[in-house]
2 protein chains.
Amino acid sequence: MAKSANAASGSAEAKRNRGAGKAGDGAERHETIYQQIREAIVEHRLKPGARLREDALAEVFGVSRTGIRKILQRLALEYLVTLTPRRGASVSRPTIEEARDVFAARQLVECQLMPWVARRLKPADARVLRELATSERQALRAGEQSRAIQLSAQFHQRLAELSGNTPLAEFVERLCSRSSLILAVYGASGHLGCESHDHDELVTLLEAGREERAVAFMQRHLKAIEASLSIEESTDEAPDLRQIFG
Amino acid sequence: MAKSANAASGSAEAKRNRGAGKAGDGAERHETIYQQIREAIVEHRLKPGARLREDALAEVFGVSRTGIRKILQRLALEYLVTLTPRRGASVSRPTIEEARDVFAARQLVECQLMPWVARRLKPADARVLRELATSERQALRAGEQSRAIQLSAQFHQRLAELSGNTPLAEFVERLCSRSSLILAVYGASGHLGCESHDHDELVTLLEAGREERAVAFMQRHLKAIEASLSIEESTDEAPDLRQIFG
DNA sequence: TGGCGGCGGGCCGTATACAATCGATGACGG
DNA sequence: CCGTCATCGATTGTATACGGCCCGCCGCCA
């Protein structure tokens, strides 16, 4: 392995990892690595299109390619990375159609979830949600864009969890991750999706038990995000030379 | 590999596979194996709790454990198999809570999908759906329970696909798979979930564009299935000796 | 000078080998 | 006779080795 050969970065990273994720010795380690990569993608620290070479990741995290492959496949199943048969893994670059579908799905699910949440919401839950919203605004103001993105997604995810329905919560979680990716590609710079005050307002509505209003609010909220996307197809493939020079 | 050493069963099975799954040479092979295992689980040919040993599967399909592991992990992410850390894989045995959540999720999503489907439904689509419903009834009458289960799930999946929203369709697909597993555990024998005429009736409503009716019908349909489950906890863990002998 | 074909390196895909761990069985002691 | 402990077998988890494909570079030819 590179553990001894390429000592400098390899073992240093590995040690840091062992310390950070706790991870003990064995099984949890992979989970930690998975989370780290996932976070990096969701927070736009790894940009869409970025290549993820197995060797490089294996060396950075101090494990062998076997474990990395497992993680990459898992991420591929969530549409966060794309696995091209013999070209390796890269951060997914969602298409416009995917973007539309994802946001349509979110509207359908998250809106319908609001009544359940409103009914089950306890004061402690509301407090946590408000804290998330507050942290998000602070991060945004402090210029910590990565953190803000992460917190915004967490708000929506927590909301879905409060419905008490695990499959739906998980589904929303994945949709949020993909949304983050979509914003990375099509989002207008500086304007990262959710208007921060929206989240506060939504909590207020839910606390008051105004289900109908909460549903409508969520609908508007998501539509606003979707509308803020710049629908300009990245001139990635087929640069349309003929159209340009014709 | 066992290809040369353990010739007898190994190569014979491998050859059969190469012939059956078509699978060409390389990449598609795993996909075929995945589908086969998945089908076996959904059709109740592999019952919940059944152990899936890597070596055995590797030998049966004529590939090495590496590929099998990948497949098992994928199935685990869909909750079709359970991966116990050092005990290997087994067909999942859903809990009552999971069952409730899955059906609740299906009601939320599938019902809301009906209007979309009704609006996009083309004659050709309706015909396909009717064929599925017919085949299902025939299979049921012919005693081919596995086939009937498969077709019933396919009906719901196809319906979701017709919404035109890929993420939602995929979500429904997974929920249907899990539902099949749930029926295997909690379903009353002989009564496998969907009343077969229900599906025909639903297509009729959709063709007529009666969205509201279709939504309500789907709701009743799913509630009926859920209600048909025998909610007797398998005396698997905590047999409640105290309650029995107390 | 520009296009084309051969060639080498990098990287992925698969298989195999090794090590560690857990469960079961059998023996021993109380 | 029952409970406990140790050893053995089985099975998974991880790492490594090898083979193949694709891409990019370089030399050759028109």
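No experiment lies behind these values; they were computed from the predicted model shown. We name chains A, B, ... by the order of the sequence lines, and we start the count at 1 in each one.
- Checked against salt bridge (Lys or Arg N to Asp or Glu O under 4.0 Å), Arg100(A) has no partners two or more places apart in sequence or in another chain.
- Taking atom CD of Gln73(B) as the reference point, atom C1' of dT14(D) lies 12 Å away to the nearest angstrom.
- Across dA15(C), dG13(C), dT14(D), the shortest atom-to-atom separation from the side chain of Arg65(A) is found for dG13(C).
- Closest to the side chain of Ser64(A), out of dT12(D), dT16(D), dT14(C), is dT16(D).
- Straight-line distance from the CG atom of Leu83(B) to the P atom of dT12(D): 10 Å, rounded to whole Å.
- Between the CZ atom of Phe61(B) and the P atom of dT14(C) there is a distance of 16 Å, given to the nearest Å.
- In this structure, CZ on Arg178(B) lies 5.0 Å from CD on Glu98(B), to the nearest 0.5 angstrom.
- Each of dC12(C), dA15(D), dG13(D) was ranked by its minimum atom distance to the side chain of Val63(A); first place goes to dA15(D).
- For the 3.5 Å distance criterion, the side chains of Glu170(B) and Tyr79(A) qualify, holding a donor opposite an acceptor.
- In this structure, a donor-acceptor pair under 3.5 Å is absent between the side chains of Gln145(B) and Glu43(B).
- Listed nucleotides dT12(D), dA15(C), dA15(D) differ in distance to Asp55(B); the shortest reach to its side chain belongs to dT12(D).
- Per the geometry, CD belonging to Glu59(A) stands 14 Å off P belonging to dG10(C), to the nearest Å.
- Side chains of Ser146(A) and His44(A): no donor on one and acceptor on the other come within 3.5 Å.
- Residue His30(B) places at least one side-chain N or O under 4.0 Å from the OP1 or OP2 atom of dT14(C).
- At a threshold of 4.0 angstrom between heavy atoms, the contacts of Arg53(B) are confined to the sugar-phosphate backbone, with no base atom among them.
- Side-chain contact of Arg120(A) with Ser163(A): a donor-acceptor pair under 3.5 Å is absent, judged by distance alone.
- At whole-Å resolution of the value, CZ in Arg51(A) and P in dC12(C) are 7 Å apart.
- A close approach under 4.0 Å does not occur between any side-chain nitrogen or oxygen of Arg86(B) and OP1 or OP2 of dT21(C).
- Donor-acceptor pairing under 3.5 Å is recorded for the side chains of Ser92(B) and Thr82(B).
- If you find the closest nucleotide of DNA chain D to Arg87(A) and to Thr66(A), the one lying nearer the 5' end belongs to Thr66(A).
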Each nucleotide N or O in nucleotides 6-8 of chain C that has a protein N or O under 3.5 Å away: list the pair and distance.
none

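- The CG atom of Leu57(A) sits 13 Å away from the C1' atom of dC11(C) (whole-angstrom rounding).
- In this entry the distance linking CG of Leu72(A) with P of dC11(C) reads 14 Å, nearest Å.
- In this structure, Lys70(A) reaches the dT14(D) phosphate: one of its side-chain N or O atoms is under 4.0 Å from OP1 or OP2.
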